[in-house]
Amino acid sequence: MDPPSILKPSALFGACGLVVVITGGGTGIGRAMAAALFHAGASRVYLLGRRVGVLETAAAAIEPTSGGRGEVAGKTEGQAGGDGRSGGEAKVIVPLECDVRSKASVHAAAEEVRRRDGRVDVLVNNAGVSGPDDRALHTTGLDDPGVGVAAVQDVLLQNLDGDGWANTFAINSTAVMLVSAAFLPLLEAGNAARGWSPGRVGRGGGLAGQRQQQDPTNPPPTRKRTPVAGVDADDDRLAQIVTVASIAAFNRYVTAGFAYSASKAAAVHLGKSMAHMLAPWGIRSNVICPGCKCYALPAA
Ligand SMILES: NC(=O)c1ccc[n+]([C@@H]2O[C@H](COP(=O)([O-])OP(=O)(O)OC[C@H]3O[C@@H](n4cnc5c(N)ncnc54)[C@H](OP(=O)(O)O)[C@@H]3O)[C@@H](O)[C@H]2O)c1
């Protein structure tokens with residue numbers, strides 16, 4: 001990669017050659033990310049979700065048979081123009097049925113990705129659900145003068161029966177750990193494909209590692225990289241996990257529900273813990289927290 005091409009915004013924000021897995025990739029934010037990554041040059045984007053029809057519709061919209069890659073800016077999904085890929089090539093966008101609540105389903109998806117590509121460069125933990133809906137807190141007159149604490153108690157208790165809380169935590173929190181763990185060997189393989197040495201470098205991830213990081217006289221060793229045919233010498237990208245949490249993780253105002261906010265706070269924490277724990281393994285972890293205008297405070 002020569003310096004002028006590095007300075008091009010399309011290269012700076014490019015996804016050239018990346019193998020990406022997106023849970024909940026068939027709709028909403030996941031689908032938008034898949035379209036952006038497709039047009040930014042990703043070599044493969046797996047869309048994971050439970051509804052195969054939804055995944056296939058999304059895949060066909062992003063990558064129509066006769067289309068090619070467009071520029072990200074100013075183009076719509078599937079708009080032709082770009083790299084001139086022909087419809088006969090293997091598809092970039094691959095739908096993959098997966099329920100992130102199920103260990104067997106997640107491992108089967110990871111195995112399918114391993115079989116096809118043998119590696120993952122970016123894993124996006126995006127699948128999420130809201131609920132149970134506790135917005136009755138804001139609509140049942142609990143702010144009215146004279147309302148007793150029993151009314152608040154009723155609202156707090158109303159959604160604890162059933163499996164609403166467990167389902168939200170299983171998808172929004174537990175699956176972050178399950179899916180990340182299932183794809184770890186493939187993320188390490190993504191690093192190896194760029195020439196990074198595998199295994200742990202340094203002692204981070206525990207208290208000993210923390211002490212080492214704080215000791216300037218004992219800096220951690222650096223990961224070695226060897227040239228790989230077909231990989232740019234300055235392509236030093238490392239594999240990464242991106243977890244889509246929510247502004248609700250930090251919001252004291254209950255928006256989509258107590259379970260949603262708490263489960264997203266857990267997702268933030270897991271993303272942070274993984275960033276620390278996986279650093280010695282050369283695997284990055286970041287969390288993004290989208291907001292939503294539908295979460296705005298009601299008018300006073
Ligand atoms: N939209 C917003 O304003 C907003 C704001 C803050 C945070 N977020 C977060 O952003 C992420 C995407 O949200 P979105 O708005 O794009 O919602 P969405 O369109 O409803 O997408 C959620 C996706 O998750 C998938 N999913 C749900 N349960 C699953 C399971 N058990 N296994 C596998 N996939 C599952 C769904 O597919 P299937 O049902 O087919 O499985 C769906 O594709 C979520 O984590 C959400 O909490 C969104």
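Every heavy atom of this structure was used, including side-chain atoms; hydrogens, water molecules and symmetry mates were not. Heads up: numbering here begins at 1 and tracks the sequence. Note that the structure is a prediction, hence the values are computed from the model and not measured. Both ligands and their constituent atoms are indexed starting at 1 by order of listing.
- Each of the atoms 16 (O), 19 (O) of ligand 1 lies under 4.0 Å from some heavy atom of G28.
- Listed by number with element, the atoms of ligand 1 under 4.0 angstrom from any heavy atom of C98 are 32 (N), 33 (C).
- Taking a cut-off of under 4.0 Å to the non-hydrogen atoms of I171, the atoms of ligand 1 that pass are 28 (N), 31 (N).
- Salt bridge status for R237 with D235: present, with a side-chain N to carboxylate O gap under 4.0 Å.
- Of the residues listed (S130, S261, S263), the one engaging N172 in a side-chain hydrogen bond (donor to acceptor under 3.5 Å, both in side chains) is S263, and it is the only one.
- For A248, the heavy-atom gap to ligand 1 stays at 4.0 angstrom or more.
- Proximity annotation for atom 45 (O) of ligand 1: of N125, I247, N126, V100, N126 comes nearest, heavy atoms only.
- Close approach to G291 involves these atoms of ligand 1, each under 4.0 Å from a residue heavy atom: 3 (O), 5 (C).
- The salt bridge (Lys or Arg N to Asp or Glu O under 4.0 Å) with R194 is formed by just one residue from the set D121, D232, D234; it is D121.
- Nearest to atom 31 (N) of ligand 1 by heavy atom, out of D99, T243, T168, L47, is D99.
- Using a 4.0 Å cut-off between charged side-chain N and carboxylate O, R115 and E111 make no salt bridge.
- Residue-ligand proximity, K264 to ligand 1, at heavy-atom distances under 4.0 Å covers atoms 44 (C), 45 (O), 46 (C), 47 (O).
- A search for salt bridge (Lys or Arg N to Asp or Glu O under 4.0 Å) contacts involving R252 returns nothing, not counting sequence neighbours.
- V129 and Y260 make their closest contact through O-CD1, 3.2 Å (heavy atoms, listed as atom of the first residue, atom of the second, distance).
- Nearest to atom 10 (O) of ligand 1 by heavy atom, out of V124, N167, V244, is V244.
- Set against the non-hydrogen atoms of Y260, the atoms of ligand 1 under 4.0 Å away are 6 (C), 7 (C), 8 (N), 9 (C), 46 (C), 47 (O).
- Residues Q240 and S285 have side chains not in contact (no heavy-atom distance under 4.5 Å, counting atoms from C-beta outward).
- A salt bridge does not link D99 with R50: every distance from a Lys NZ or Arg NE/NH1/NH2 to an Asp or Glu carboxylate oxygen is 4.0 Å or more.
- Using a 4.5 Å heavy-atom cutoff, the side chains of P280 and V201 are not in contact.
- In the candidate list M33, R50, R31, R50 is nearest to atom 28 (N) of ligand 1, counting heavy atoms.
- Among T27, I29, V52, T23, the residue whose heavy atom lies closest to atom 43 (O) of ligand 1 is T27.
- The option with the heavy atom closest to atom 9 (C) of ligand 1, from among G53, A245, S102, is A245.
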